[in-house]
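Some notes on the structure that comes next.
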There are 2 protein chains.
Amino acid sequence: MPKKPDLMPGTLDMLILKTLTRAPQHGYGIALSIRRASEEVLTVEEGSLYPALQRLLLQGWVKAEWKKTETNRRARYYTLTAAGRKQLGVEQSQFDQMIAAIGRVMQDA
Amino acid sequence: MPKKPDLMPGTLDMLILKTLTRAPQHGYGIALSIRRASEEVLTVEEGSLYPALQRLLLQGWVKAEWKKTETNRRARYYTLTAAGRKQLGVEQSQFDQMIAAIGRVMQDA
DNA sequence: GCAGATGTATAGACCATCTATGGATAGAAC
DNA sequence: GTTCTATCCATAGATGGTCTATACATCTGC
């Protein structure tokens with residue numbers, strides 16, 4: 001029985017930033033988006049998500065704003081900043097490089 | 001200046017097991033193999049490598065044996081066990097699944 | 001004999017993730 | 001109108017893998 005893989009360490013920030021390129025979202029919505037986009041493979045727990053959002057706020061890569069949901073509930077909406085967009089590029093290229101390197105190790109007979 | 005990516009957390013065990021499929025090796029040699037195979041992108045620090053090898057030993061995925069090097073130095077050679085080979089398959093498929101899932105999140109506009 | 005590469009190993013710090021909570025509101029069900 | 005479920009935010013503590021730093025030993029070349 002294959003253990004549930006939940007998340008790949010070190011990629012959460014990138015996934016959040018990417019998700020926010022589409023539209024500003026609140027935390028819960030971000031978690032849902034990632035889960036759906038990954039076809040239920042990646043599950044972001046709250047205990048991972050909110051600390052991550054705090055980090056991103058501190059770094060200035062996202063900004064937050066309290067608003068009302070369509071269903072009239074209060075929620076904190078996160079928006080990608082210019083710096084965040086730049087950071088996403090950095091993380092994505094590092095990630096790609098890393099994956100390529102791992103692929104090289106894993107492939108050759 | 002892109003920060004050095006060193007390693008992707010959670011993949012070290014898989015990389016070690018894969019390296020040992022080619023031939024039994026000692027710790028230092030494993031580190032060199034991974035570095036070379038990845039074209040200097042992945043660097044395995046000793047402080048990561050030896051704890052990882054201890055884990056693999058405990059799990060029974062590798063076994064160790066003291067031998068002499070070609071250059072006549074004492075070294076501890078690690079060999080993949082049958083269980084280790086099986087484990088490698090598991091980790092590799094989980095990894096592939098994870099990467100595919102991340103790719104799905106990262107691609108769509 | 002000294003430097004540098006080879007080789008093993010551990011202790012402590014660091015940091016991201018997970019588990020486990022706690023609380024609040026809206027809407028639906030009954 | 002009370003209960004249940006889904007939505008929504010957030011933190012504390014544990015866990016675990018990786019990194020930094022260090023220690024030690026041998027062999028080769030100069």
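Per chain, numbering begins at 1; letters A, B, ... match sequence-line order.
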Please report, rounded to the nearest Å, how far the [atom2] atom of [N] is from the [atom1] atom of [X].
X     : N      : atom1 : atom2 : answer
B/N72 : D/dT26 : CG    : P     : 12 Å
B/L58 : C/dA9  : CG    : P     : 13 Å
A/K68 : C/dT25 : NZ    : P     : 10 Å
A/L56 : C/dA16 : CG    : P     : 10 Å
A/R74 : D/dT7  : CZ    : C1'   : 11 Å
B/D6  : C/dA16 : CG    : C1'   : 14 Å
A/Y28 : C/dT25 : OH    : P     : 18 Å
A/E45 : D/dA14 : CD    : P     : 19 Å

Problem set entry | Close side-chain approach of A/Y78 to A/I16, heavy-atom, < 4.5 Å |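 Counting from C-beta outward, A/Y78 and A/I16 never come under 4.5 Å.
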Heavy atoms only: give me the nearest [X]-[Y] pair and the separation to one decimal.
X     : Y      : value
A/L12 : A/S48  : CD2-O, 3.6 Å
B/G27 : B/L53  : CA-CD1, 4.1 Å
A/T81 : A/K63  : CG2-N, 3.9 Å
A/A37 : B/V105 : CB-CG2, 3.9 Å

Exercise. When all nucleic acid strands are considered with a 4.0 Å heavy-atom cut-off, which category describes A/G10: base, sugar-phosphate, or nothing?
Worked result: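 Sugar-phosphate contact only - A/G10 comes under 4.0 Å of backbone atoms but never of a base.
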For this session: May I ask you to say what A/Y78 touches in the nucleic acid, namely base, sugar-phosphate or nothing, with a heavy-atom cut-off under 4.0 Å?
Result: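 Here A/Y78 touches the backbone only, sparing every base.
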Exercise. Which listed nucleotide (C/dT17, C/dG7, D/dA10) is nearest to the side chain of A/R55?
Worked result: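 The answer is C/dT17.
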For this session: Check every atom of C/dT25, C/dT17, C/dG7 against the side chain of B/T69 and return the nucleotide holding the closest atom.
Result: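 Closest of the options to the side chain of B/T69: C/dG7.
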Problem set entry | Nearest-nucleotide comparison on DNA chain D, the residue closer to the 5′ end among B/L12 and A/R76 |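 On the 5' side of the pair lies A/R76.
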For this session: Please tell me which of A/E46 and A/D13 maps to the more 5' nucleotide of DNA chain C, matching each residue to the nucleotide holding its nearest heavy atom.
Result: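 Result of the comparison: A/D13.
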Exercise. Looking just at side-chain N and O atoms, do B/S33 and B/Q25 make a donor-acceptor pair shorter than 3.5 Å?
Worked result: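 There is such a pair between these side chains.
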For this session: Using heavy atoms and a sub-4.0 Å distance, could you list which residues of residues 47-54 of chain B are near DNA chain D? By number, please.
Result: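 B/G47, B/S48, in order of number.
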Exercise. So, are A/R104 and B/E39 salt-bridged, with charged N and O less than 4.0 Å apart?
Worked result: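 Salt bridge present between A/R104 and B/E39.
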Exercise. Does the side chain of A/R73 get closer than 4.0 angstrom to OP1 or OP2 of D/dC8 through an N or O atom?
Worked result: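 For D/dC8, OP1 or OP2 has a side-chain N or O of A/R73 closer than 4.0 Å.
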